[in-house]
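One structure is given here, and the rest of the page talks about it.
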Amino acid sequence: MPFGDQPADKAKATGTSNPAKRILPPNPKAAAIVAVGFTLVLYLVELLDVILPADLDHGGIVSRQLSGLDGILWAPLLHAGWGHLFSNTVPVLVLSFLAMAAGIGRWAVVTAIIWIVSGLGVWLVGPSNAYTVGASGLAFGWLAFLLVRGIFNRAFGQIVVAVVLLGLWSGMLWGLLPGNPGISWQGHLFGALAGVLAAWLTARGDRPKKKAAGSLEV
């Protein structure tokens, strides 16, 4: 059986025959392993940053400089100290797990969209005198994805989950606004916009295509 998939008979029995409308991952154990594994990678990178003489945070995004463009690839893996990483840990664990409701492969696509779009947004409009690092852009992207996917998918269960998440994580939304020194509101904002984009793109791809007039079915 492919990693993270669910047998068809079990999916039918649990009412999750449409993967786009699931509210929990089809294979919770595999999804938990991926979420914890990704978080452990963040901790390993921060540990290396502490141990090694080189400052890995200099691999972050430096806005509007070609030399800082490759930071888009590395910035979500880097953090400005343990406190920064601790504050991102719970959102990364919970939101990444819930975002795997349509499967780990779909989560990878959604995460790639958020990763690239949020990074490009920071590179375009972020501060040019700083290195932007942190996984909070991903967390905001996953949160926005989870908040709007139910609307695009027309899935009542997902909308209920969105309401609960909004109640639990509403304080995160203040991070979308400028005014807090040292906090990349640009990364948060573009991460959230990327999450909405990912929800729209994946929902659009899941909709059945209309058959052309006169088409032949066999």
Side-chain angles (χ1 to χ4, degrees), residues 23-25 31-32 34-36 38-43 45-46 57 60-61 63 72 75-102 107 110-127 130-153 155 157-203:
I23 59 175
L24 291 174
V34 172
V36 172
F38 179 76
T39 305
L40 288 177
V41 169
L42 301 183
Y43 274 80
V45 171
E46 185 58 29
D57 291 344
I61 301 170
S63 300
I72 293 173
L77 303 175
L78 303 169
H79 288 82
W82 291 110
H84 186 201
L85 178 55
F86 293 156
S87 67
N88 282 336
T89 297
V90 173
V92 166
L93 281 171
V94 175
L95 298 175
S96 64
F97 175 81
L98 292 175
M100 295 183 213
W107 171 81
V110 168
T111 300
I113 293 172
I114 297 169
W115 196 303
I116 294 171
V117 173
S118 62
L120 284 173
V122 170
W123 188 80
L124 288 171
V125 303
Y131 296 96
T132 300
V133 297
S136 54
L138 291 178
F140 273 86
W142 288 326
L143 177 61
F145 171 80
L146 293 167
L147 290 178
V148 303
R149 63 173 178 168
I151 298 173
F152 292 133
N153 292 329
Q158 292 180 348
I159 293 174
V160 171
V161 171
V163 172
V164 173
L165 287 174
L166 190 60
L168 292 174
W169 303 95
S170 57
M172 284 181 61
L173 300 181
W174 291 108
L176 300 173
L177 303 176
N180 293 322
I183 296 179
S184 176
W185 63 269
Q186 299 94 337
H188 299 168
L189 177 61
F190 280 98
L193 292 175
V196 174
L197 174 64
W200 178 75
L201 288 174
T202 54

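Fair warning: this is a prediction, and the values are worked out from it, not measured in the lab.
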(message) Return the CG to OG distance between Leu143 and Ser96, rounded to the nearest 0.5 Å.
(response) 12.5 Å
(request) Output, in order, the C-alpha distance, side-chain angles, deciding distance and verdict of side-chain contact (heavy atoms from CB on, under 4.5 Å) for Phe140 and Leu176. (result) CA-CA 9 Å; Phe140 273 86; Leu176 300 173; 3.6 Å; yes
(message) On a heavy-atom basis, which atom in Ala199 and which in Val148 lie closest, and how many Å separate them?
(response) CB-CG2, 3.5 Å
(request) Give a yes-or-no answer on whether the side chains of Thr111 and Trp142 include a donor-acceptor pair shorter than 3.5 Å. (result) yes
(message) Quick one, Val125 with Ser63, criterion side-chain contact (heavy atoms from CB on, under 4.5 Å). Give me CA distance, side-chain angles, the key distance, then yes/no.
(response) CA-CA 7 Å; Val125 303; Ser63 300; over 6 Å; no
(message) Before you tell me yes or no, could you show the steps for Phe38 and Val92 under side-chain contact (heavy atoms from CB on, under 4.5 Å), namely the whole-Å CA-CA distance, both residues' side-chain angles and the distance that decides it to 0.1 Å?
(response) CA-CA 9 Å; Phe38 179 76; Val92 166; 3.9 Å; yes
(message) Just verifying a value: how many Å separate Met172 CE and Leu165 CG, rounded to the nearest 0.5 Å?
(response) 10.0 Å
(request) Could you check if a side-chain atom of Trp169 sits within less than 4.5 angstrom of a side-chain atom of Val90, using non-hydrogen atoms only? (result) yes
(message) With a 4.5 Å cut-off on side-chain heavy atoms, are Trp123 and Thr132 touching?
(response) no
(request) Would you indicate whether the side-chain heavy atoms of Leu146 and Val161 approach each other to under 4.5 Å? (result) no
(message) Do Leu177 and His188 make a side-chain contact, defined as non-hydrogen atoms from C-beta onward lying under 4.5 Å apart?
(response) no
(request) State, yes or no, whether a side-chain contact exists between Ser184 and Val122 at a heavy-atom distance under 4.5 Å. (result) yes
(message) Checking Ala75 now: which residues fulfil side chain to side chain contact (heavy atoms under 4.5 Å, CB included) with it, not counting sequence neighbours?
(response) Ile61
(message) With side-chain contact (heavy atoms from CB on, under 4.5 Å) as the criterion, how do Trp107 and Val34 come out once you've worked through the C-alpha distance, each side chain's angles and the decisive distance to 0.1 Å?
(response) CA-CA 10 Å; Trp107 171 81; Val34 172; 3.7 Å; yes
(message) So which atom in Ala194 and which in Ser118 form the shortest heavy-atom distance, rounded to 0.1 Å?
(response) CB-N, 4.4 Å
(request) Side-chain contact test, heavy atoms from C-beta onward, threshold under 4.5 Å: evaluate it for Asn88 versus Leu42 and give yes or no. (result) no
(request) Taking atom CH2 of Trp174 as the centre, report whether more than 12 heavy atoms of other residues, nucleotides or ligands fall under 6.0 Å from it. (result) no
(message) Measuring from atom CD of Glu46 to atom NE2 of His79, what distance do you get when rounded to the nearest 0.5 angstrom?
(response) 8.0 Å
(request) Could you pull out the closest heavy-atom pair between Phe145 and Ala99, with the gap in Å? (result) CE2-O, 4.2 Å
(message) Using every non-hydrogen atom in the two residues, find where Ser170 and Gly167 come nearest and quote the distance to one decimal.
(response) OG-O, 3.8 Å
(request) Return the minimal non-hydrogen interatomic distance between Tyr131 and Asp57, and the atom names on each side. (result) CB-O, 3.6 Å
(request) State which residues pass side chain to side chain contact (heavy atoms under 4.5 Å, CB included) with Thr89; sequence neighbours excluded, sorted by chain then number. (result) Thr39, Tyr43, Leu85, Leu93
(message) I need the single residue from Ile113, Val196, Val110 that forms a side-chain contact (heavy atoms from CB on, under 4.5 Å) with Leu201. Which is it?
(response) Ile113
(request) Mind checking the CG-CD1 spacing from Leu197 to Ile114? Nearest 0.5 Å is all I need. (result) 9.5 Å
(request) Considering non-hydrogen atoms only, spot the tightest contact between Gly150 and Ile159 and give its length. (result) C-CG1, 3.8 Å
